[in-house]
Protein chains: 2
Amino acid sequence: MTQRGQARSARTGAQPEPRSGAVRRPTVQDVAREAGVSPSTVSRALHTRGYASPDVRNRVRAAAAKIGYVADHNARNLRSRTSTSIGVLISDLRNPFYADLAAGIEEELRAAEYQMVLVNDNGDPAEELQAAETLLAMRVPGVIVTPVTAACPRVLQDNGVHVVCADRELGRSGGDVVLSDNKAGARELTEHLIGLGHTRIGLLIDETKWSTGAGRLAGFRAAHEEFGLEVDEDLIAYTSFDADAARRTTAKLLNDHDVTAIFSANNVLAQGALAELKDRRLTVPRRISLAAYDDVPWMSLVQPALTTVDQHTVELGRTCARLLLARIRGELPPRRRRVRVAPRLIIRGSTGPAPRS
Amino acid sequence: MTQRGQARSARTGAQPEPRSGAVRRPTVQDVAREAGVSPSTVSRALHTRGYASPDVRNRVRAAAAKIGYVADHNARNLRSRTSTSIGVLISDLRNPFYADLAAGIEEELRAAEYQMVLVNDNGDPAEELQAAETLLAMRVPGVIVTPVTAACPRVLQDNGVHVVCADRELGRSGGDVVLSDNKAGARELTEHLIGLGHTRIGLLIDETKWSTGAGRLAGFRAAHEEFGLEVDEDLIAYTSFDADAARRTTAKLLNDHDVTAIFSANNVLAQGALAELKDRRLTVPRRISLAAYDDVPWMSLVQPALTTVDQHTVELGRTCARLLLARIRGELPPRRRRVRVAPRLIIRGSTGPAPRS
DNA sequence: CTGTTAGCGCATTCAT
DNA sequence: ATGAATGCGCTAACAG
């Protein structure tokens, strides 16, 4: 006989077996009866600090444990107009970047006894907005989002939900923002390539309208400028956010231009670029160097391992969560906060001296 | 006059700016007034089907949209004793296996208008139990878990929560279960190796107490038996669930035994094995073949690409979610359901004929 | 088909 | 320090 079973039969005699989906759980009332106090005292003893004598507090705690009481979040949220569920809105959990981000967020939230409601929006504005509405319905106090559209943070904020934009920033609109210092990272990586003698570097990139792509492009340009090199605009190869497309774009880049190095703006594009290089049996880095922004595990497993920029994605996630929680707790001044996490260049085997032409 | 009344009458005039964290959202009452019907009619018009005239239904919908009404899940859940939040309890979101599983689950849940509350337990029994309690508090109708301990599914079920165990099974205890057919997959992979002439195959494995490890080991043995080969027990190399440990174990295996192929029981161990092989500059597959259970993206990016068993992890996740939803909706007969998802052998370049000794 | 009534379980007034 | 009363916003019973 289970602990719960005992508790119940002690209360009402024979009680039907808990058929799943239809179990009556103990309430504050039950705890109150068990401890010989009033329901409000139970509430105070369990949560608030200072308004219950140690004696009563212990009695209540013991009673709660005994009958297996578990507080009902829905009731608590309804009454107190607060929730410990946090919305996390990302594009694609299968992309290790987002998975790491979510992992960092979850870790921090869990430590603070908050829960993560995770929604994939597949990068689709409609799904993103839909998700925002759902989170609104859940009355979450805050949301962390890698925004697709400015409308999403906006509608959340208009309804009093704290928003932290992760990884990218869309205009001035939405709330606090935590991002990798894309420009600095891309610049450092480009400097590394130029330092190796590369002057014709192809940049494989999918977008420049978000702060991520814009920043990485800016860093790419800044490094060239620093070395007095002019950027050949034809070497900036725009593609779509998709490994296959990136592969085709890489092929085109290789066919049309005599590049000695390729800088992929993110981990997805890098996959396509690498596939094309392998297919052509171009030895890396002797014939061509390859580097990527956003270090993910496979990049250190391939031969040669890729030179990358590590965004500290998990830490990025933790930072988002810490910032959001501080905001929710009212610990932050009202003005919008922008946190930049410094990336780190990791030099591996895929980049080497430019071949003599 | 109540504060609510005041706030509402104020709405006709100038509306106060929504200060974040303290916004009064419209309620059914507000919609009712706007549409000229009663609150319960609003509720029915918005949710239940058939109990409201089309005319009224449209009026209510329009009114709700007009004033920006978003239902309060907490209140709804409290009253109706149902929730659309589903708990998902996994070990490590950063492992692509779990990420894919979660992605499949989320996809299916979202399509059914359920939400995913994702918790990482880091494979720690205490954290897992803690998470179960949290989900209990949230009054979720169901949980999908990759269980660490049988206690977790049990406590959930004892409280009337539907449980689907994903990927592994701990005794008979917990609820429905969805798993890869580990034995069949491992057997097929082993057959492939034996078919290539390998007779001394090292099995790199971390556990055999769960159905995953046990099944893979069983498949490994079954294939040997089928070919009339005796399994050399010394070639079953136990290690811990960690790439570095797997690497050291691989080193030991190579030092002590003359294996011509290595079968890694999962993606994490494969990483360690590959690292060691690369470090020793053993050419794969000429000197040694390498294969792994659980296909993850990097395995097709390395050179040569790894021969693997694809578990259809995303589909595994979708299946879990579909099963759980069917259970919640009461569409399933009471008896426990065990679903096996057939895996698929993917032969790539890392496995080849056994070298003549 | 619709309105009225009555809580879901809890945290918060307000009294003592 | 504790207890009694009061809703949070919603939906399930009941009438009509």
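Chain letters run A, B, ... following the sequence lines, proteins first, then strands; residues in each count from 1. What you see is a predicted model, and the numbers here were worked out from it, not measured in a lab.
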Practice task
Identify whether any heavy atom of V56(A) sits under 4.0 Å from a base atom; if not, whether one sits that close to sugar-phosphate; answer base, sugar-phosphate or nothing.
Solution key: sugar-phosphate
Handout entry: Toward the 5' end of DNA chain C, by each residue's nearest nucleotide, T41(B) or R139(B)
Key = T41(B)
Practice task
Please determine if a side-chain N or O atom of R24(A) lies less than 4.0 Å away from the OP1 or OP2 oxygen of dC8(C).
Solution key: no
Handout entry: Qualifying residue, where the test is side chain to side chain donor-acceptor pair (under 3.5 Å) with D176(A) and the options are R335(A), R327(A), R338(A)
Key = R327(A)
Handout entry: Polar side-chain atom of T41(A) near backbone of V37(A) as donor-acceptor pair, under 3.5 Å
Key = no
Problem - Residue-phosphate contact under 4.0 Å: S53(B) side-chain N/O, dT2(C) OP1/OP2 - result: yes
Exercise for the section: Using atom CE of M138(B) as one end and atom P of dG9(C) as the other, report the distance to the nearest whole Å. Expected result: 18 Å
Exercise for the section: Check the pair N122(B) / D92(B) against side chain to side chain contact (heavy atoms under 4.5 Å, CB included), numbers first and verdict last. Expected result: CA-CA 6 Å; N122(B) 300 312; D92(B) 177 19; 5.6 Å; no
Problem - D72(B) CG to dG9(C) P, straight-line distance once rounded to whole Å - result: 17 Å
Problem - Nearest-angstrom distance from the residue atom CG of D30(A) to P of dG9(C) - result: 9 Å
Fill in the blank from the handout: Among dT2(C), dT2(D), dA11(C), the one nearest any side-chain atom of A52(B) is dT2(C)
Exercise for the section: Determine yes or no for a side-chain-to-main-chain donor-acceptor pair under 3.5 angstrom, with R139(B) supplying the side chain and R81(B) the backbone. Expected result: no
Practice task
Please determine if a side-chain N or O atom of T27(B) lies less than 4.0 Å away from the OP1 or OP2 oxygen of dG9(D).
Solution key: no
Handout entry: Residue S40(B), side-chain heavy atoms: nucleotide from dG3(C), dC10(C), dT2(C) that is nearest
Key = dG3(C)
Handout entry: Spacing between R76(A) atom CZ and dG7(D) atom C1', to the nearest angstrom
Key = 18 Å
Completion exercise
Tightest non-hydrogen contact, residues V161(B) and G142(B), listed as CG1-CA, 3.7 Å
Practice task
Write down the distance between CG (N74(A)) and P (dC10(C)), rounded to a whole number of angstrom.
Solution key: 10 Å
Handout entry: Interatomic distance where CG belongs to L46(A) and P belongs to dC10(C) [whole Å]
Key = 9 Å
Handout entry: Per R81(A) side chain, nearest of listed nucleotides dG9(D), dT2(C), dG9(C)
Key = dG9(D)
Handout entry: Atom pair distance, as rounded to whole Å: CG in L78(A) and C1' in dT11(D)
Key = 13 Å
Practice task
Quick one: label V42(A) by what it contacts on the DNA or RNA (base, sugar-phosphate, nothing), any heavy atom closer than 4.0 Å.
Solution key: nothing
Practice task
Check whether the side chain of R44(B) and the base of dG3(C) form a donor-acceptor pair under 3.5 Å.
Solution key: yes
Fill in the blank from the handout: Whole-Å distance, Y69(B) OH to dT11(D) C1', equals 10 Å
